[in-house]
S.K.: 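Here's a structure for you.
These values consider heavy atoms only, across backbone and side chains, with no hydrogens, waters or symmetry-generated copies. Just so it is clear, the model here is predicted, and its values are computed rather than measured.
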Amino acid sequence: MTNINEKREVIIDSFSGDSGVFKQYPKDIVSIAIVNDGTSDLVIDLGYCKVAVKPDEVFDDNIAPQKSFGIQTNGPFRSIVRGEC
């Protein structure tokens, strides 16, 4: 088990939806997890690149530190956003 003091990321937001959204935060986010519960591709727009998430797939990875990102979709999804401790 990892000691909490060794963790560098904490959850700063969780949300779900069924349409596109633009999220902005007061401090840098460093990791995103998204579950695509829909029947068509979901696209995460990080500004410097776009990531397609297929239906029933999960994206859970670190990203370049930034304060915002967008989700383009017309289907349901769930998301967790992480920032530095």
Side-chain angles (χ1 to χ4, degrees):
M1 182 171 174
T2 303
N3 185 321
I4 190 74
N5 294 329
E6 295 174 8
K7 294 271 187 195
R8 295 188 46 91
E9 302 169 358
V10 295
I11 296 172
I12 60 171
D13 191 15
S14 71
F15 61 95
S16 59
D18 58 8
S19 62
V21 64
F22 179 79
K23 300 292 281 186
Q24 194 159 7
Y25 300 93
K27 64 180 190 174
D28 283 347
I29 58 174
V30 296
S31 177
I32 301 171
I34 295 180
V35 179
N36 182 356
D37 294 318
T39 57
S40 60
D41 286 4
L42 174 150
V43 176
I44 306 166
D45 187 347
L46 298 170
Y48 59 90
C49 74
K50 294 183 179 182
V51 179
V53 183
K54 299 290 184 188
D56 296 321
E57 285 189 349
V58 175
F59 172 88
D60 186 359
D61 211 341
N62 295 332
I63 61 171
Q66 58 192 58
K67 291 183 171 44
S68 63
F69 72 99
I71 296 173
Q72 301 165 0
T73 187
N74 59 5
F77 68 91
R78 295 169 280 150
S79 180
I80 292 174
V81 180
R82 300 178 191 98
E84 298 260 340
C85 290

S.K.: If we check side chain to side chain contact (heavy atoms under 4.5 Å, CB included) with Phe69, which of these qualifies: Asp45, Ile63, Ile32?
M.R.: Ile32

S.K.: Give the minimum heavy-atom separation between Asp28 and Pro65, together with the two atoms involved.
M.R.: OD2-CB, 3.6 Å

S.K.: Might you work through the side-chain contact (heavy atoms from CB on, under 4.5 Å) test for Asp13 and Lys23, ending with a clear yes or no?
M.R.: CA-CA 10 Å; Asp13 191 15; Lys23 300 292 281 186; 3.3 Å; yes

S.K.: Can you tell me how far CG of Asp37 sits from CG of Asp56, rounded to the nearest 0.5 angstrom?
M.R.: 7.5 Å

S.K.: Which heavy-atom pair separates Ser40 from Pro55 by the least distance, and what is that distance?
M.R.: N-CG, 3.6 Å

S.K.: Nearest 0.5 Å please: distance from the CD1 atom of Ile71 over to the CZ atom of Phe59.
M.R.: 10.5 Å

S.K.: Measure from the side-chain N and O atoms of Gln66 to the backbone N and O of Leu46, and report whether any donor-acceptor pair falls under 3.5 Å.
M.R.: yes

S.K.: Return the OH to CD1 distance between Tyr25 and Ile12, rounded to the nearest 0.5 Å.
M.R.: 6.0 Å

S.K.: Where the side chain of Ser31 meets the backbone of Asp61, is there a donor-acceptor pair that is under 3.5 Å apart?
M.R.: yes

S.K.: Take Val53 and Phe77 through the side-chain contact (heavy atoms from CB on, under 4.5 Å) test and state the conclusion after the steps.
M.R.: CA-CA 10 Å; Val53 183; Phe77 68 91; over 6 Å; no

S.K.: Between atom CD1 of Ile29 and atom CD1 of Ile11, what is the distance when rounded to the nearest 0.5 Å?
M.R.: 13.5 Å

S.K.: Under the side-chain hydrogen bond (donor to acceptor under 3.5 Å, both in side chains) test, which residues partner Ser79, sequence neighbours left out?
M.R.: none

S.K.: Please tell me whether Val51 and Tyr48 are part of a single hydrophobic cluster in this structure, the criterion being side-chain heavy atoms less than 4.5 Å apart.
M.R.: yes

S.K.: First locate atom CD of Glu9, then atom CD of Glu84, and finally report the distance between them rounded to the nearest 0.5 Å.
M.R.: 6.5 Å

S.K.: Please evaluate residues Val30 and Asn62 with respect to the criterion side-chain contact (heavy atoms from CB on, under 4.5 Å), reporting the C-alpha separation (whole Å), side-chain torsions for both, the decisive distance (0.1 Å), and the verdict.
M.R.: CA-CA 6 Å; Val30 296; Asn62 295 332; 5.6 Å; no

S.K.: Carefully, step by step, assess Asp41 and Lys54 under the rule side-chain contact (heavy atoms from CB on, under 4.5 Å).
M.R.: CA-CA 5 Å; Asp41 286 4; Lys54 299 290 184 188; 3.0 Å; yes

S.K.: Under a 3.5 Å cutoff, is there a donor and acceptor pairing between the side chains of Thr73 and Asn36?
M.R.: no

S.K.: Measuring from atom CD of Gln72 to atom CD1 of Ile44, what distance do you get when rounded to the nearest 0.5 angstrom?
M.R.: 10.5 Å

